[in-house]
Peer 1: 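Handing you a structure now.
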Number of protein chains: 2
Amino acid sequence: MSLSDRLSFKDQAFRLREEAVMAATTRLLASKGFDLMTMDDVALEVGISKPSLYKHFKSKEDLATEAMVRLLDGALDFLAGQDAALTPLQRLQDLLAWALRVRLQGGLPFLPSGSPQVRAMLVRSLRYVTRVLKLNGQLDRIVTQAKQQGALRADLPNDVILYNYYSRTCDPAVEYLQLYGKYDSDAIVAHMLSVVFDGLAPPRADSADAG
Amino acid sequence: MSLSDRLSFKDQAFRLREEAVMAATTRLLASKGFDLMTMDDVALEVGISKPSLYKHFKSKEDLATEAMVRLLDGALDFLAGQDAALTPLQRLQDLLAWALRVRLQGGLPFLPSGSPQVRAMLVRSLRYVTRVLKLNGQLDRIVTQAKQQGALRADLPNDVILYNYYSRTCDPAVEYLQLYGKYDSDAIVAHMLSVVFDGLAPPRADSADAG
DNA sequence: AAAAAATGCTACTCGTTAGTAAAAGAGAAT
DNA sequence: ATTCTCTTTTACTAACGAGTAGCATTTTTT
């Protein structure tokens with residue numbers, strides 16, 4: 001309603017196409033990576049021609065960066081929308097589950113895996129860096145809270161925990177297990193969460209009290 | 001001696017250069033990835049010209065595949081050379097530590113992270129596939145042994161354990177923590193091993209006996 | 001010492017891809 | 001209805017990268 005009133009048909013179509021472009025970019029970035037994703041790929045997938053892309057985004061760099069920004073905004077929104085009653089540990093677990101599901105549906109990981117070039121490209125973008133710092137700050141606080149509650153290991157520095165956490169969203173294990181076809185998304189998410197927080201070794205009942 | 005006797009100067013130089021080519025390829029593959037590594041890069045790093053590379057390897061694909069094959073051979077050698085007295089868990093931990101150190105020194109990860117194209121390329125190579133199957137088989141047996149000894153969680157399928165294990169060798173967390181400069185290699189390896197096997201959550205002393 | 005064989009290098013080809021210019025087309029305003 | 005503006009497209013350019021042809025050089029062999 002409010003859209004149709006204010007915007008012309010052309011503008012509406014333009015916005016819709018922009019969303020389609022973002023969706024295609026995200027999918028292609030996640031599957032092929034930045035280097036192998038061509039602007040022609042994106043154009044073809046959206047069903048428009050390459051120069052039209054440049055009406056929306058001024059470069060490939062811009063396009064890719066925007067995709068990452070949207071992912072991080074999604075994560076920040078997810079955090080902001082979480083139930084206040086949740087424990088810090090549950091907040092972390094739920095966010096990771098969300099990120100893994102995003103990934104399993106063809107979305108992007110939190111960390112740009114791979115080449116320093118891509119990292120450098122992202123860091124050039126203020127829009128991107130802002131989000132990273134915000135997410136980092138929020139998660140760092142939650143990790144500290146979880147440690148205070150005894151829900152995360154106090155012997156690990158926060159950054160070690162955080163990078164281990166982030167990196168799980170681009171863990172190839174997810175991809176490979178999905179490729180297998182043996183497990184559905186729920187099973188993969190459950191397994192991954194279990195492994196991240198509890199580890200591959202069984203709980204050692206003798207560790208705390210026995211000695 | 002035996003080399004100088006049988007091989008001409010030319011042949012010796014040729015072999016030495018071939019090693020230099022492999023070393024450069026490995027380093028560049030690890031840092032830039034397959035797509036961004038150019039044959040000119042390799043040639044420049046070795047100090048020879050591009051066409052000379054093609055006397056050693058018939059294509060970029062060949063070159064990259066050979067680098068992966070050597071890594072896997074290294075892993076298989078490491079396994080073969082392990083002390084027979086080691087527990088299965090220790091064997092897994094030591095191999096992972098070895099792989100992480102390789103990675104921290106600019107080497108390749110076990111899993112080709114990223115694009116399906118690269119995966120497809122590797123799978124085309126029989127030399128590569130042979131090694132993968134061999135390593136998979138050996139590690140699968142060790143994992144089963146470790147489970148029987150209660151050293152690994154029996155509730156996780158072997159393949160879930162294995163892919164989580166493999167994927168740690170290309171975990172960006174390693175890269176990022178190294179980038180930080182705050183931790184030395186030993187600390188990073190120790191932290192990673194600890195996280196992989198024990199998880200981010202503290203041991204739950206109440207889990208097995210209390211209920 | 002001279003011919004023979006093999007390697008290394010300079011200078012190319014061909015294909016691919018990011019990005020652009022100018023024409024063609026569709027919607028909006030008078 | 002007609003003009004005006006904005007968008008879309010076809011057809012390009014420029015750069016880069018994989019792989020090659022043919023010449024120069026160097027080692028080996030007779």
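To find a chain, count down the sequence lines: A is the first, B the second, and so on, and within it residues start at 1.
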Peer 1: Ignoring the backbone of A/Y54, work out which of D/dT9, C/dA18, D/dA18 is nearest its side chain.
Peer 2: C/dA18
Peer 1: Nearest-Å distance, CD1 (A/I48) to C1' (D/dT9)?
Peer 2: 11 Å
Peer 1: When the distance from CZ of A/F57 to C1' of C/dA18 is rounded to whole Å, what number comes out?
Peer 2: 16 Å
Peer 1: What's the CG-C1' distance between B/L53 and D/dT20, to the nearest Å?
Peer 2: 13 Å
Peer 1: Taking atom P of C/dA6 as reference, at what distance in whole Å does atom NE2 of B/H56 sit?
Peer 2: 15 Å
Peer 1: Do B/N158 and B/T144 have side-chain atoms, one donor and one acceptor, less than 3.5 Å apart?
Peer 2: yes
Peer 1: Give me the ring orientation class for B/Y176 and A/Y163: parallel if the planes are under 30° apart, tilted from 30 to 60°, perpendicular past 60°.
Peer 2: parallel
Peer 1: Tell me what B/K60 touches on the nucleic acid: a base, only sugar-phosphate, or nothing, going by heavy atoms under 4.0 Å.
Peer 2: sugar-phosphate
Peer 1: Is it the case that B/R153 and A/S194 place a side-chain donor and acceptor less than 3.5 Å from each other?
Peer 2: yes
Peer 1: Any carboxylate oxygen within less than 4.0 angstrom of a Lys/Arg side-chain nitrogen, looking at A/E66 and A/R70?
Peer 2: yes
Peer 1: Atom NZ of A/K32 to atom P of C/dT16: distance rounded to whole Å?
Peer 2: 13 Å
Peer 1: Counting side-chain heavy atoms from C-beta on, which of D/dT9, D/dT20, C/dT7 comes nearest to A/P51?
Peer 2: D/dT9
Peer 1: Figure out the NZ/P separation between B/K55 and C/dA5, and round it to whole Å.
Peer 2: 15 Å
Peer 1: Is there a side-chain polar atom (N or O) of A/S59 under 4.0 Å from OP1 or OP2 of C/dA18?
Peer 2: no
Peer 1: What is the distance, to the nearest angstrom, from the CG atom on B/D35 to the P atom on D/dG17?
Peer 2: 12 Å
Peer 1: How about B/K134: does its NZ atom have over 12 heavy atoms from other parts shown lying under 6.0 Å from it?
Peer 2: no
Peer 1: Strictly below 4.0 Å, heavy-atom distances to any atom of DNA chain D: list the hits from residues 36-44 of chain B, or just say none.
Peer 2: B/M37, B/T38, B/M39
Peer 1: Please check if the side chain of A/Y165 supplies one atom and the backbone of A/D159 the other of a donor-acceptor pair under 3.5 Å.
Peer 2: no
Peer 1: How many Å lie between NZ on B/K50 and C1' on C/dT7, as a whole number?
Peer 2: 18 Å
Peer 1: B/D35 and B/K60: which non-hydrogen atoms are nearest, and at how many Å?
Peer 2: O-NZ, 3.7 Å
